[in-house]
Peer 1: 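My questions all concern the structure below.
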2 protein chains.
Amino acid sequence: MPHTYQFARPALTVDIVVFGLDEDDLQVMLIQRDLPPFEGEWALPGGFVHVEETLEEAARRELVEETGLKDIYLEQLYTFGAVERDPRERVVTVAYYALVNLEGHDVQASTDARNAAWFPVSDLPKLAFDHQQILDAAHARLRGKVRYQPIGFELLPDRFTLRQLQRLYEVILDRELDKRNFRKKVLAMEIVKETNEIEKDVAHRAAKLYRFDKRTYDRLMKQGFNFEI
Amino acid sequence: MPHTYQFARPALTVDIVVFGLDEDDLQVMLIQRDLPPFEGEWALPGGFVHVEETLEEAARRELVEETGLKDIYLEQLYTFGAVERDPRERVVTVAYYALVNLEGHDVQASTDARNAAWFPVSDLPKLAFDHQQILDAAHARLRGKVRYQPIGFELLPDRFTLRQLQRLYEVILDRELDKRNFRKKVLAMEIVKETNEIEKDVAHRAAKLYRFDKRTYDRLMKQGFNFEI
DNA sequence: TTCCTTAGTGTGTGTTCGACACCAATATGG
DNA sequence: CCATATTGGTGTCGAACACACACTAAGGAA
């Protein structure tokens, strides 16, 4: 069923940078390509935008198809339109980034006959197309955003310890933070609430579990704040 | 010369929100449409992306064609992809925003047989398509960005007074700032340099003219800073 | 020369940032 | 059961910064 237009049109795709938090690493979900070009190389999940779906719908659809991930935090990153970024033809891609916590979501590493896997951002394989550039942009955005928005909670399980939250920030910012100052700051902005529960099955003193205060969280998410920790 | 593809493709356009600074208002450049749909209504400058040009090239080309503006500060804003945003067919648009100073650039209000004009953001006509939404997003971005990047200098002439700079910030942030604290802060970050010149033709004490220190400016532009004034 | 308008300048107070060290609780292993 | 290893949890002090605030200086206009 061919479609004809008066002027040539670039193809339009979405690509998604999915960040996940491991015990001590920031990870990214990659797909091994089973078709040329770049056959066998690793690439970001993504695909063509259908005419009857929005960009975000396309991103969510591709995520489910290729990785099984759904109902996750997703945000538009940037649109990449270099003329030669795909060797076959002109392809413009709208990049999104996603945050998931590796414990909560059931990640089917392989669906759609493709090979999917997590890689630590600090040790990535060579990526197809300009996907390294897209990933760098997403990482930079994450680092920048964390300073003025309470982003990143999506990377943690529902109940978490303050230590986990701190490590999240340390991994994203790539530097160590002072424990006392961190706790002071986080508690002061009232973004988390103590629960009655404590950690289980740890070989040391168990930490209290916290959860976000959704109200404060959403408010700060909108108006921004200053997290120069 | 028709072009045929196996699957239907959305059309791809760029739209540009051009901000300019008047004596006391933040303004936006709009184009009056001479074709349906929305014939006669005002819209953002923009147009189709050609297959052999990048997105930014398309934005700059359309700006020259429709407003005569060139060599200006331009930054990608967001990509809008709602299915029904154009009543004719599926059109995805990559929005950019631009900053110019109204004194420096020779703005041909009308080129390309179209009617172009500046409007204060506080008093806009009804806009075609979803352009009001795009404009709101650009305005929000400008307000947000001004807090952590020395953006906005592009809105001023080459030499300017600190009073002008302050009014720029006041207009963007939409609140009054303390003169002494403002000057203290701006001078402390060494982003501007005093010149030997002073204002001319003013009916009161003439102010010193300043210009940016390009080195500091570019550095802060990259690494960001904190402008919670 | 008087008046009007904007330019230009400094201090003090409260708040926040950032550096820094020790005891508490629990599991493990001898 | 005692020792040890590991992480949890807490407070203070000095420095830097944010913010509120009011008067004199300069120049043109009437």
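In what follows, chains are A, B, ... by sequence order, proteins preceding strands, each numbered from 1.
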Peer 1: Has the side chain of A:Arg180 got a donor or acceptor atom sitting under 3.5 Å from an opposite partner on the base of C:dA21?
Peer 2: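 Checked by distance alone, the answer is yes.
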
Peer 1: Determine, stepwise, if the pair A:Glu194 / A:Arg211 fulfils salt bridge (charged side-chain N to carboxylate O under 4.0 Å, His left out).
Peer 2: CA-CA 7 Å; A:Glu194 210 176 303; A:Arg211 56 189 175 79; over 6 Å; no

Peer 1: Hey, which of these two, A:Leu187 or A:His204, hits DNA chain D nearer its 5' end, going by closest nucleotide?
Peer 2: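 Whichever sits nearer the 5' end wins; that is A:His204.
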
Peer 1: Do the non-hydrogen side-chain atoms of B:Arg85 and B:Phe80 ever get within less than 4.5 Å of each other?
Peer 2: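 Sidechains of B:Phe80 and B:Arg85: in contact.
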
Peer 1: Taking any heavy-atom pair under 4.0 Å as a contact, classify B:Lys208: base, sugar-phosphate, or nothing.
Peer 2: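 Sugar-phosphate: the residue B:Lys208, judged by heavy atoms under 4.0 Å, touches backbone atoms but no base.
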
Peer 1: Among D:dC21, D:dG9, C:dT28, which nucleotide sits nearest the side chain of A:Ala207?
Peer 2: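 So the nucleotide nearest the side chain must be D:dG9.
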
Peer 1: Would you kindly give the CZ-to-C1' distance between A:Arg183 and C:dC20, to the nearest whole Å?
Peer 2: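 Those two atoms, CZ and C1', are 16 Å apart.
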
Peer 1: What is the separation between atom CD on B:Glu194 and atom C1' on C:dG8, rounded to the nearest whole Å?
Peer 2: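 These atoms are roughly 11 Å apart.
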
Peer 1: Nearest whole angstrom, please: distance from the P of C:dG18 to the NZ of A:Lys184.
Peer 2: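 After rounding, the gap between these two atoms is 10 Å.
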
Peer 1: In whole angstrom, what separates B:Leu162's CG from C:dT6's C1'?
Peer 2: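 Between C1' of C:dT6 and CG of B:Leu162: 13 Å.
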
Peer 1: So, taking the atom named OG1 in A:Thr79 and the one named CD1 in A:Ile134, what distance separates them when rounded to the nearest 0.5 Å?
Peer 2: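 Taking OG1 in A:Thr79 and CD1 in A:Ile134, the distance rounds to 9.5 Å.
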
Peer 1: Between D:dT7 atom P and A:Gln164 atom CD, what is the distance in whole Å?
Peer 2: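 The answer, rounded to whole Å, is 13 Å.
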
Peer 1: Measure the distance from CZ on B:Arg205 to C1' on D:dA26 and round it to the nearest whole Å.
Peer 2: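 It is 5 Å, rounded to the nearest whole Å.
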
Peer 1: I want to confirm an ordering. Mapping B:Ala206 and A:Lys179 to their closest nucleotides on DNA chain C, which one lands closer to the 5' end?
Peer 2: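 It is B:Ala206, whose closest nucleotide lies nearer the 5' terminus.
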
Peer 1: Is any side-chain N of the basic residue among B:Glu170 and B:Arg175 closer than 4.0 Å to the acidic one's carboxylate O?
Peer 2: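 So B:Glu170 does not pair with B:Arg175 through a salt bridge.
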
Peer 1: Whole Å only: how far is the CZ atom of A:Arg163 from the C1' atom of D:dT10?
Peer 2: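 Taking CZ of A:Arg163 and C1' of D:dT10, I get 16 Å after rounding.
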
Peer 1: Quick one: B:Asp178 CG to D:dA22 P, roughly how many Å, whole number?
Peer 2: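 Going from B:Asp178 (CG) to D:dA22 (P), I get 10 Å.
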
